[in-house]
Amino acid sequence: MKDERHVLMIFPHPDDETFSSAGTIASYIDNGVPVTYACLTLGQMGRNLGNPPFATRESLPDIRERELEEAMKIIGITDLRKMGLRDKTVEFEPHDQMDDMVKNLIEETNPSVIISFYPKFAVHPDHEATAEAVVRTVERMPKEQRPRLQLVAFSNDAPEVLGEPDILNDISQYKELKMKAFEAHASQTGPFLQQLASPEVGGETQSFLDVEPYWTYHFES
């Protein structure tokens, strides 16, 4: 991890970064690697309003922005970019504008690795649109200049189709940090936190506190 020049993380919603990558990112930061997080939306249309509810549809954007900022403090990210897109509309953004946004981020930060979602295995339309923009943009770059794509695949069929993850980061030493960052996103994470606390919870659910898996994207040319 010390050998990375810069890590650029691109996700569409507050809490995407915590669920998938909090321990990995904290490890990069501890090893002195600069990290930039581009969060495309503020999750304005999140399905949850707290458990029990403490937000309204009107207050949720401000609440989720504060939650995101608190999670960044916990993880240690100091370069947070709020890209200003609207939740649940990322899939409708023109491809050229999405690609220009990603291109500008890459040109500014010069990352050696990008963390984002894996196309067709990201479940949510905003996730998929983000993944596709990242892949399209990097694919246009000269081979020798392309950052490595270290991607998150959430769909259940990912291991069957893609094979086992290329990277399995042991984040057990960051378990408490990841849990605190997850708790910071309180408007959305209540149900999952309850599930974690259940004595019947399975090892697969608990594993997100111990291991963060990624697939490396391989271009055809």
Side-chain angles (χ1 to χ4, degrees), residues 1-40 68 71-72 74-83 90 98-122 126-155 158-159 162-174 177-178 181 208 210-221:
M1 283 194 174
K2 294 179 182 178
D3 296 333
E4 298 297 349
R5 180 173 60 246
H6 197 118
V7 174
L8 173 60
M9 185 165 54
I10 306 175
F11 287 121
H13 308 121
D15 77 18
D16 288 339
E17 82 295 324
T18 294
F19 195 99
S20 68
S21 303
T24 295
I25 292 301
S27 180
Y28 278 127
I29 292 168
D30 281 352
N31 280 282
V33 179
V35 175
T36 296
Y37 177 27
C39 189
L40 304 193
L68 174 62
M72 296 305 93
I74 293 167
I75 297 170
I77 295 173
T78 56
D79 187 10
L80 169 64
R81 314 290 180 91
K82 303 169 189 174
M83 305 308 293
V90 178
M98 287 287 291
D99 296 358
D100 282 347
M101 177 184 65
V102 174
K103 181 174 180 285
N104 289 337
L105 286 165
I106 292 173
E107 288 178 347
E108 181 183 350
T109 61
N110 189 27
S112 53
V113 60
I114 295 177
I115 296 177
S116 190
F117 285 117
Y118 202 112
K120 298 182 181 178
F121 298 92
D126 281 358
H127 296 181
E128 294 291 352
T130 303
E132 290 164 6
V134 169
V135 169
R136 279 195 310 266
T137 304
V138 174
E139 190 169 25
R140 293 193 189 103
M141 298 174 65
K143 286 184 184 179
E144 64 276 9
Q145 296 178 16
R146 289 173 183 166
R148 188 176 76 258
L149 297 186
Q150 185 173 307
L151 304 180
V152 176
F154 273 156
S155 63
L162 298 176
E164 292 303 310
D166 300 297
I167 300 168
L168 284 172
N169 285 337
D170 179 353
I171 60 157
S172 53
Q173 66 176 310
Y174 295 103
L177 176 148
K178 183 165 184 171
F208 103 111
D210 295 308
V211 177
E212 289 174 345
Y214 300 93
W215 284 259
T216 302
Y217 192 91
H218 300 284
F219 295 98
E220 293 182 3
S221 60

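Computation of the quantities below employed the complete heavy-atom set of this structure, encompassing side-chain atoms and omitting hydrogens, waters and symmetry-equivalent molecules.
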Check whether any side-chain N or O of [X] sits under 3.5 Å from a backbone N or O of [Y] as a donor-acceptor pair, and report yes or no.
X      : Y      : value
Thr130 : Asp126 : yes
Asn31  : Val33  : no
Trp215 : Gly163 : yes

Lys120 atom NZ: more than 12 heavy-atom contacts under 6.0 Å: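 Not buried by this count: 12 neighbours or fewer within 6.0 Å.
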
Glu144, CD: over 12 other non-hydrogen atoms inside 6.0 angstrom: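 Yes - once you tally the heavy atoms of other residues, nucleotides and ligands closer than 6.0 Å, there are more than 12.
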
Heavy-atom distance under 4.5 Å between the side chains of [X] and [Y], does that happen here?
X      : Y      : result
Ile25  : Glu17  : no
Glu108 : Arg81  : yes
Ser116 : Leu149 : no
Phe11  : Val152 : yes
Pro119 : Leu151 : yes
Leu40  : Met98  : yes
Pro111 : Ile106 : yes
Asn169 : Tyr174 : no

Where is the tightest heavy-atom contact between [X] and [Y], given as atom of each residue plus distance?
X      : Y      : result
Ala71  : Ala181 : CB-O, 4.0 Å
Ser20  : Asp16  : OG-O, 2.8 Å
Glu164 : Pro159 : OE2-CB, 3.9 Å
Cys39  : Pro14  : SG-N, 3.5 Å

Between atom [atom1] of [X] and atom [atom2] of [Y], what is the distance when rounded to the nearest 0.5 Å?
X      : Y      : atom1 : atom2 : result
Met72  : Ile77  : CE    : CD1   : 4.5 Å
Thr24  : Gln150 : OG1   : CD    : 6.5 Å
Tyr214 : Arg148 : OH    : CZ    : 11.0 Å
Ser155 : His127 : OG    : NE2   : 12.0 Å
Ile115 : Leu8   : CD1   : CG    : 9.0 Å

Residues forming a ring-ring contact (aromatic ring centres under 6.0 Å, His included) with Tyr118, sequence neighbours excluded: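 If we apply the ring-ring contact (aromatic ring centres under 6.0 Å, His included) test to Tyr118, skipping adjacent residues, the hits are Phe121, Tyr217.
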
Identified side-chain hydrogen bond (donor to acceptor under 3.5 Å, both in side chains) counterpart of His6 within the set Thr109, Thr36, Asn110: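 Exactly one candidate clears the test, Thr36.
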
Qualifying residue for side chain to side chain contact (heavy atoms under 4.5 Å, CB included) with Lys143, from Glu139, Arg146, Met141: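 The residue from Glu139, Arg146, Met141 that satisfies side chain to side chain contact (heavy atoms under 4.5 Å, CB included) with Lys143 turns out to be Arg146.
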
Pair Tyr37-Ile75, side chain to side chain contact (heavy atoms under 4.5 Å, CB included): steps then yes or no: CA-CA 11 Å; Tyr37 177 27; Ile75 297 170; over 6 Å; no

Donor on one side chain, acceptor on other, Glu212 and Ser21, under 3.5 Å: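 No pair is found: no donor N or O on one side chain lies under 3.5 Å from an acceptor on the other.
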
Test log, rule side chain to side chain contact (heavy atoms under 4.5 Å, CB included), inputs Val135 and Phe219: CA-CA 9 Å; Val135 169; Phe219 295 98; 3.8 Å; yes

Side chain to side chain contact (heavy atoms under 4.5 Å, CB included) evaluation trace for Asn104 with Glu107: CA-CA 5 Å; Asn104 289 337; Glu107 288 178 347; 4.0 Å; yes

Aromatic plane relationship, Phe154 with Phe19 - under 30° parallel, 30 to 60° tilted, over 60° perpendicular: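 Plane angle over 60°, so perpendicular.
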
